[in-house]
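This report concerns only the one structure given below.
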Amino acid sequence: MHSKKIYITSSGIISSFGIGLNAFKEGLSKPPVTSAFKDFEFHSLDPAISCITVNGFDPVAVLGKKGLRLKDHATKLILGSFEQGLKEIMEHTDDDNRPGICVGTAFGSVQSIGDFLSDSIVNGVNIVNPQAFANTVINSPTGNTNIKFVARNLSTTVSTGFNSGIDALIYAFNYMQRGYIEAIVAGGLEELSYYSMLGLQRTGLISSTGKGLPFSKEADGVVPGEGCALFLFDTEESMKTNNRTPVVEVVGTASAFDPSLAQNGQSDGDVAAHVLSEVCNDAGISTNDVGFIASSASGNRLTDSIEAAAIKKVFDTNVPVTAYKAFTGECYGVSGALNLACAITDLKNGQISGIGNSYSCFNSIPLVFSPIKKDNTFCIVNSVSCDGNCSAVLIKNVE
Amino acid sequence: MNKEEIKEAIRGMIIEIAEDMDIDEEAITDDAKFVSDMGLDSMALLEVLATMEKKFGVSIPETEFPNITSINQCTDTVEKYLVAKS
Amino acid sequence: MSQNRVVITGLGLVTPIGIGNDTFWKAAVAGKNGVRPLVQFDPTEFRTKTGGEVLDFNPSSYLTDEEIERMGRSSQFAVSAAKMAVEDAGISIGEENPYKFAVCMGTTMGEPQILEKGVKIKYKTGDASDIPSDLPRQYPCGTIPANVARTLKTKGPIIITPTACAAGNYAIGYGYDLIQLGKVDVVVSGGSDPFSGIAFTGFNRLLATTSDVCRPFDLNRNGMAVSEGAGILILERLEHALARGAKIYAEILGYGLGCDAYKMTIPDPAGSGGIMAFKKAIHNTGIALEDIDYISAHGTGTVENDKIETLIVKEILKEHACKTPMSSIKSMIGHTMGAASAIEAAACALMIQNNVMLPTINYKDPDPECDLDCVPNIPKEKELNTVISNAYAFAGNCSSLVLRKYKG
């Protein structure tokens, strides 16, 4: 069993639903929006490509005019997310006890990295702005946040592709179990950028119909999204000392790697199934206790079919499965953290959100199409990536 | 480009950097020292050097870096290399 | 806090002064300089013409053609070093529970050469669709541990911490934690970075690169040397290692992390993050200051770093500082970015095994601001029981790793 009980007591989120965790309740009550967005320059990319950008985030309005000149979009997203209460928590905690920061991201700011490179190719290596170099390290958004809040206790960036966000939560959980620190702001971050869109398009992962259909045999790819979702992890002691209120308890984590999936793009789902069983073991509960599974299905047929096979191996068909990426799109390094935000919203509202029109799913997985009203105690936030990473976090509702 | 135009361009560049760093506008004078009076750090000084090279199309050797100290000093430096170039 | 002791049972190295433990060690003891005029990268337009390159790296010695085809240079380094380390440790992963093997890596730039290749194609032909469709998936740095785990067929957790130039220590530290928590028995841990045009351009633009060689702690030091490489350490639960009769290089006692929270590319002149990391490492491991026999420095060779680093050590060790040698192997191999602290940790393990401190080469004139014993130019014999390896990074990420001779 774990040596420490760990609670989520606060959050800071910028997503396609809007600003903050509160925006999720309304966002999840409506059918997912999967139309094309045009406020984004695609250069030579196919203009018909759909993506889901964050809504209602004006960096200057949220962060003020000062200090933004050299900050990239990714860094603005993370700094903006702190403005929903996390900032005050950082500022009102003395140096020694200030929470650490642990962020998962697949790319950091690939826009900054690519622009620095492009600038040095087009204008010359002796022209490019030296200050822009700082933004090319993958830990730049996290580091900038530590600097802004003088958070000296921990600055970690975690990167495991699509699983980065959930793996950052697991890193923070483990780091706290080791007793190194009492509180960490942990989560995920990903920006949409020309370079990431180009990469996804060349790889053939993007849906040409603009519809991400999780677990569907007819799915034709993912709809890329972006955002930042951060959670304050508190030990029980830290929560009490700081007089903070628990939202949910993090009761278990599990992570594994599927070499066969990474090698051949084929898998029987055994590793992903191992993770689903293991996360229940880690939490000390039975698979029958799980209220619902927040899957990572996105419209990528390969990983969706593997995740469906894994769920089928471990759970009875009466455990409902959701796929929040139908709403948010495939948000890469932030997707695990966004899924956690969705799961918390559903746990708190005694429901499981439905994704709208029904269709036939891999392994006849019990995907929730119409919302279900049901009070749940436990939820698994799961993630399976095409790189072979399989991770899960199990949360418990706190009344 | 005459001296006043160069100075005006450099002033604009410094104001842009200073505003973002929340430096008091009154602290920005042509003689004010970038580091001791205005609080710019060494990275900002490197950027000033780089921007001057880009903006005025001159190559300023690294040995001039210690002379990136004020708007007036920068103006003299740029003028020197513009003359050398022509 | 320590329930499961963690030992190092295998090492794999890819460095500009040698590939493999034996070659690396012989070169390092001989004080070989690996910072040379660049060959694979064209430095014509840059202020600096030197750096570190692993010129004798032949991926075919470790990887199949199919593997080479699908991996960037960072992954090729990492997988090659991992294969060396697993062989050195003598573990047959196929005969064990694969879920008990984790892979924890660190990097600064990830696979920059892939992005550089893609963007160059785009500018050359003006058409992004000329970029090969299998190229982009090789870019995210998460592919590095995935390639290691895929090749070794491990099934435990994998992670990469891209925490810039302290990343190797972060990865080793997290691997140590995974064993401590009972999650796994063995961790393939370390760091990897290939030579990056972006990093070379950036450090040149910061005027942070040396004019020729890297001379840490010297009065006339004038910068760091951009380099490349990989270092892998096999971390193993002590009982697991003993049960299979493994050779043990050293024990990992623990580590500490801290952050300057000062500026992205300028270290805190007061050394706050480094002091915090060092203090936490001492606290977490319970060692006494006078126990520290040697310090492996971050020692980049920049004016600022080496000065502040000396200050940090004096602040922590007080009167013991002048009796505690601290050298920088970056004088020989340059700055291998995210691989640096992993290579340095491996070097520490070899130093403990051989009771020899590796030197800081290119040292000529003492700097009053860097007045600790930097083991100048030639290696020195000393009984090494407890060793600290420090690594610092952009964003002020600071780390201290503690290794100890294993005596049962």
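Since this is a predicted model, take the numbers as computed values, not measurements. Letters A, B, ... are given to chains in the order of the sequence lines, protein chains preceding strands, and every chain is numbered from 1.
Ala44(B) and Gln131(A) get closest at one heavy-atom pair: CA-NE2, 3.5 Å.
For Glu53(B), the part lying under 4.5 angstrom from a heavy atom of chain A is the side chain only.
Enclosure of atom CG in Asn243(A) is not indicated, since only 12 or fewer non-hydrogen atoms of other residues, nucleotides or ligands lie within 6.0 angstrom. When the shell of 6.0 Å around NZ of Lys66(A) is examined, it contains more than 12 heavy atoms from other residues, nucleotides or ligands. Within 6.0 Å of CG in Asn123(A) there are more than 12 heavy atoms belonging to other residues, nucleotides or ligands.
For residues 8-20 of chain B, a heavy-atom distance under 4.5 Å to chain A picks out Glu16(B), Ile17(B), Glu19(B), Asp20(B), given by residue number. Of residues 25-42 of chain B, no residue lies under 4.5 Å from chain A by any heavy-atom pair. Of all residues in residues 54-70 of chain B, those placing a non-hydrogen atom less than 4.5 angstrom from a non-hydrogen atom of chain A are Lys54(B).
Under the side chain to side chain donor-acceptor pair (under 3.5 Å) criterion, Glu182(A) pairs with Thr235(A), not counting sequence neighbours.
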